[in-house]
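Report on one structure; see the data block that follows.
All residue numbers refer to positions in the sequence shown, counting from 1.
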Amino acid sequence: MATVELTKENFDRTVSENPFVLIDFWAGWCRPCLQFAPVYERASEAHPDLVFAKVDTEAQQELAGAFQITSIPTLMIVRDQVAIFAQPGALPEAALTDLIGQARALDMDEVRAKIAASQQGAQDAGGQGTGTPET
């Protein structure tokens, strides 16, 4: 399957309508991005059931900024509208294949439960005082 070009106009729809999306944040002037491109394309052909997308950070600066992309290439994986992986750097083909396998194996109910617990813990911690006794 060919990669999908993501823009701020189609990003939300693409992520919400597809249960598993890999996103390559890249730029045409970035040598590691250009070296990673064929690896990413081969992975897209090997996994036709997944959506492989690309964000040109030069053309989509607002989108790259929204995800705080400071180094490219950056690979992000979104499953069931939850970003489960984001890391800069070009991956070798074997590492990308392994990463896709790990992402497929995740129990998303467990992931959502951990996120909810983490958010609840942050709210609980934020609601308490400084922890120092008053005199």
Side-chain angles (χ1 to χ4, degrees):
M1 173 181 194
T3 57
V4 176
E5 188 66 34
L6 290 182
T7 64
K8 65 181 183 177
E9 290 78 23
N10 71 357
F11 185 91
D12 288 339
R13 184 181 70 245
T14 301
V15 170
S16 65
E17 292 178 357
N18 296 284
F20 198 123
V21 183
L22 292 95
I23 305 166
D24 175 21
F25 290 87
W26 70 286
W29 52 262
C30 166
R31 184 173 303 281
C33 298
L34 299 176
Q35 292 171 333
F36 180 60
V39 171
Y40 193 70
E41 189 65 33
R42 283 192 297 274
S44 76
E45 293 166 3
H47 301 277
D49 59 317
L50 307 179
V51 173
F52 284 74
K54 295 178 82 71
V55 173
D56 180 345
T57 58
E58 289 294 305
Q60 299 298 320
Q61 292 181 13
E62 187 177 330
L63 194 53
F67 287 96
Q68 301 176 346
I69 302 301
T70 58
S71 181
I72 54 175
T74 289
L75 179 65
M76 180 180 288
I77 299 177
V78 179
R79 272 198 60 198
D80 300 336
Q81 300 179 41
V82 176
I84 59 169
F85 178 85
Q87 179 178 306
L91 294 174
E93 196 158 349
L96 179 57
T97 299
D98 182 57
L99 178 61
I100 291 169
Q102 289 180 45
R104 283 186 188 271
L106 281 177
D107 178 340
M108 289 307 293
D109 289 333
E110 187 177 310
V111 169
R112 281 187 286 278
K114 285 181 179 177
I115 291 169
S118 174
Q119 290 172 341
Q120 184 60 47
Q123 288 175 351
D124 291 347
Q128 298 178 10
T130 61
T132 58
E134 294 185 26
T135 55

Heavy atoms of K54 and W26 approach each other most closely as CB-NE1, 3.6 Å
### Ring-ring centroid check F11 F67, cutoff 6.0 Å
yes
- Query: So, D107 side chain and D109 main chain: donor-acceptor pair closer than 3.5 Å or not?
  - Reply: yes
Separation between CD1 (I72) and OG1 (T57), nearest 0.5 Å, reads 4.0 Å
* Is there a donor-acceptor contact under 3.5 Å from the side chain of S118 to the main chain of K114? -> no
Residues passing the side-chain contact (heavy atoms from CB on, under 4.5 Å) test with S16, sequence neighbours excluded, are Q81
From CA spacing to verdict: side chain to side chain contact (heavy atoms under 4.5 Å, CB included), V51, F20:
CA-CA 6 Å; V51 173; F20 198 123; over 6 Å; no
To the nearest 0.5 Å, atom CG of L75 lies from atom CZ of F36 at 5.0 Å
d(L34 CG, W29 CH2) to nearest 0.5 Å is 10.0 Å
Taking atom CD of E9 as the centre, report whether more than 12 heavy atoms of other residues, nucleotides or ligands fall under 6.0 Å from it. yes
Interatomic distance, OG1@T7 vs CG@D56, rounded to 0.5 Å, equals 11.0 Å
CE of M108 to CD of E110, rounded to nearest 0.5 Å, is 10.5 Å
Those residues at least two apart in sequence (or on a different chain) that pass salt bridge (Lys or Arg N to Asp or Glu O under 4.0 Å) with E5 are none
In terms of hydrophobic clusters joined by side-chain contacts under 4.5 Å, are V111 and L22 together?
yes
Would you say L50 ends up clustered with V82 if hydrophobic residues are merged whenever their side chains have heavy atoms under 4.5 Å apart, either directly or through other cluster members? yes
Rounded to the nearest 0.5 Å, the CD1 atom of I84 sits from the CZ atom of R79 at a distance of 6.0 Å
request  = Show your working on side chain to side chain contact (heavy atoms under 4.5 Å, CB included) between F85 and M76 and close with a plain yes or no.
outcome  = CA-CA 5 Å; F85 178 85; M76 180 180 288; over 6 Å; no
Compile the donor-acceptor pairs under 3.5 Å between side chains in residues 86-99 and protein atoms, sequence neighbours left out, one pair per line.
{"unit_1": "E93", "atom_1": "OE1", "unit_2": "R42", "atom_2": "NE", "d": "3.0"}
{"unit_1": "E93", "atom_1": "OE1", "unit_2": "R42", "atom_2": "NH2", "d": "3.0"}
{"unit_1": "E93", "atom_1": "OE2", "unit_2": "R42", "atom_2": "NE", "d": "3.3"}
{"unit_1": "T97", "atom_1": "OG1", "unit_2": "E93", "atom_2": "O", "d": "3.1"}
{"unit_1": "D98", "atom_1": "OD2", "unit_2": "Q102", "atom_2": "NE2", "d": "2.7"}

(message) Please determine whether side chain to side chain contact (heavy atoms under 4.5 Å, CB included) holds for the pair E41 and F52, giving the CA-CA distance in whole Å, both sets of side-chain angles, and the decisive distance to 0.1 Å.
(response) CA-CA 8 Å; E41 189 65 33; F52 284 74; over 6 Å; no
Q) Does D49 pair with R104 as a salt bridge, N-O distance under 4.0 Å? A) yes
